[in-house]
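Reading through the structure tokens given below for one structure.
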Amino acid sequence: MAESEFTKGVVRVVRSVPFGRVVSYGQVAVYLGFPRAARGVGWVLRQTKREELPWWRVVNNAGRISIKNWEHPAEEQRERLRSEGVEVGEDFSLEIEKYRFQAGEELLKSWGLPEEYVRMVGEKFRWGV
DNA sequence: ATAATGACATGTT
DNA sequence: TAACATGCCATTA
């Protein structure tokens with residue numbers, strides 16, 4: 001099964017999220033150059049199981065673990081996050097703005113995104129500011 | 001080509 | 001606050 005550019009992009013972005021930080025599905029989509037492909041991101045993470053991909057650092061924009069999958073249960077994601085110092089409640093919620101990772105312009109450009117797009121992201125997608 | 005599915009996001013009730 | 005509805009996108013049937 002051929003790996004699409006979209007999938008490769010998801011892997012690239014998620015791998016850039018640092019230890020102890022999180023991003024939302026929609027955020028990953030924005031960094032990919034597809035501002036509304038949040039569902040596509042979730043789709044990829046459900047399919048892709050690779051060790052070097054820190055899938056547990058992706059949660060929904062409400063600050064909740066959104067997993068419903070047997071391979072990687074919500075409990076496992078919570079444990080992995082807690083082991084990185086992220087406080088996750090019994091209801092699988094966390095303070096997303098406290099842990100959210102925001103990619104800088106240099107990083108976005110290094111991913112080949114157009115300068116104009118990078119500027120737009122800086123203006124319209126600033127979480128927790 | 002069309003319809004359906006999902007680890008989403010956002011606005012409206 | 002929570003349920004519902006609508007919009008989106010990649011992928012599959």
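Reckoned from all heavy atoms, side chains included, excluding hydrogens, waters and symmetry mates. Computed from a predicted model, the values in this text were never measured in an experiment.
Taking Glu84(A) as the reference, Trp56(A), Arg57(A) meet the side chain to side chain donor-acceptor pair (under 3.5 Å) condition, with sequence neighbours excluded. Glu90(A) pairs by the side chain to side chain donor-acceptor pair (under 3.5 Å) definition with Arg82(A), not counting sequence neighbours. With sequence neighbours excluded, the residues satisfying side chain to side chain donor-acceptor pair (under 3.5 Å) with Ser93(A) are Asp91(A). Residues passing the side-chain contact (heavy atoms from CB on, under 4.5 Å) test with Lys109(A) are Glu105(A), Glu115(A), Val118(A), sequence neighbours excluded.
Whole-Å rounding puts the Trp43(A) CH2 to dC9(C) P distance at 17 Å. In this structure, Ile96(A) atom CD1 and dA7(B) atom C1' are separated by 14 Å, rounded to whole Å. Taking atom CD of Glu5(A) as the reference point, atom P of dT11(C) lies 11 Å away to the nearest angstrom. Following rounding to the nearest Å, Arg46(A) (CZ) and dT5(B) (C1') show an atom-to-atom distance of 8 Å. Atoms CZ (Phe6(A)) and P (dG6(B)) sit 17 Å apart, rounded to a whole Å. In this structure, Leu53(A) atom CG and dA7(B) atom C1' are separated by 12 Å, rounded to whole Å. Counting to the nearest Å, the C1' atom of dA9(B) and the CZ atom of Arg100(A) are 12 Å from each other. Protein atom CZ of Arg64(A) is 16 Å distant from nucleotide atom C1' of dA9(B), rounded to whole Å.
Between Ser66(A) and dC8(B), a side-chain N or O to OP1/OP2 separation shorter than 4.0 Å is present. Between Thr7(A) and dT11(C) there is a side-chain N or O to OP1 or OP2 distance below 4.0 Å.
Sorted by first and then second residue, the ring pair (Phe, Tyr, Trp, His ring centres under 6.0 Å) pairs with a member in residues 92-121 of chain A form an empty list; sequence neighbours excluded. Residues in residues 7-28 of chain A take part in these side-chain hydrogen bond (donor to acceptor under 3.5 Å, both in side chains) pairs, two or more places apart or across chains: Ser4(A)-Thr7(A), Glu5(A)-Lys8(A), Gln27(A)-Tyr31(A), Gln27(A)-Arg100(A).
Rounded to the nearest 0.5 angstrom, Met120(A) CE and Leu113(A) CG are separated by 9.5 Å. A distance of 9.5 Å separates CH2 of Trp55(A) from CG of Leu53(A), quoted to the nearest 0.5 Å.
Against DNA chain C, the stretch residues 22-41 of chain A makes heavy-atom approaches under 4.0 Å through Phe34(A), Arg36(A), Ala37(A), Arg39(A), Gly40(A). Contacts between residues 108-122 of chain A and DNA chain B, defined by a heavy-atom separation below 4.0 Å, involve no residue at all.
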Can you name the atoms? Protein N/O to nucleotides 10-13 of chain B N/O, anything below 3.5 Å, with the distance.
from    : atom 1 : to       : atom 2 : distance (Å)
dT10(B) : OP2    : Asn61(A) : ND2    : 2.9

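Screening Val28(A), Val13(A), Val23(A), Val14(A) for a side chain to side chain contact (heavy atoms under 4.5 Å, CB included) with Val41(A), the sole residue that qualifies is Val28(A).
Around CD of Glu95(A), the count of heavy atoms belonging to other residues, nucleotides or ligands within 6.0 Å does not exceed 12. The neighbour count for Glu79(A) CD, taken as heavy atoms of other residues, nucleotides or ligands under 6.0 Å away, is above 12.
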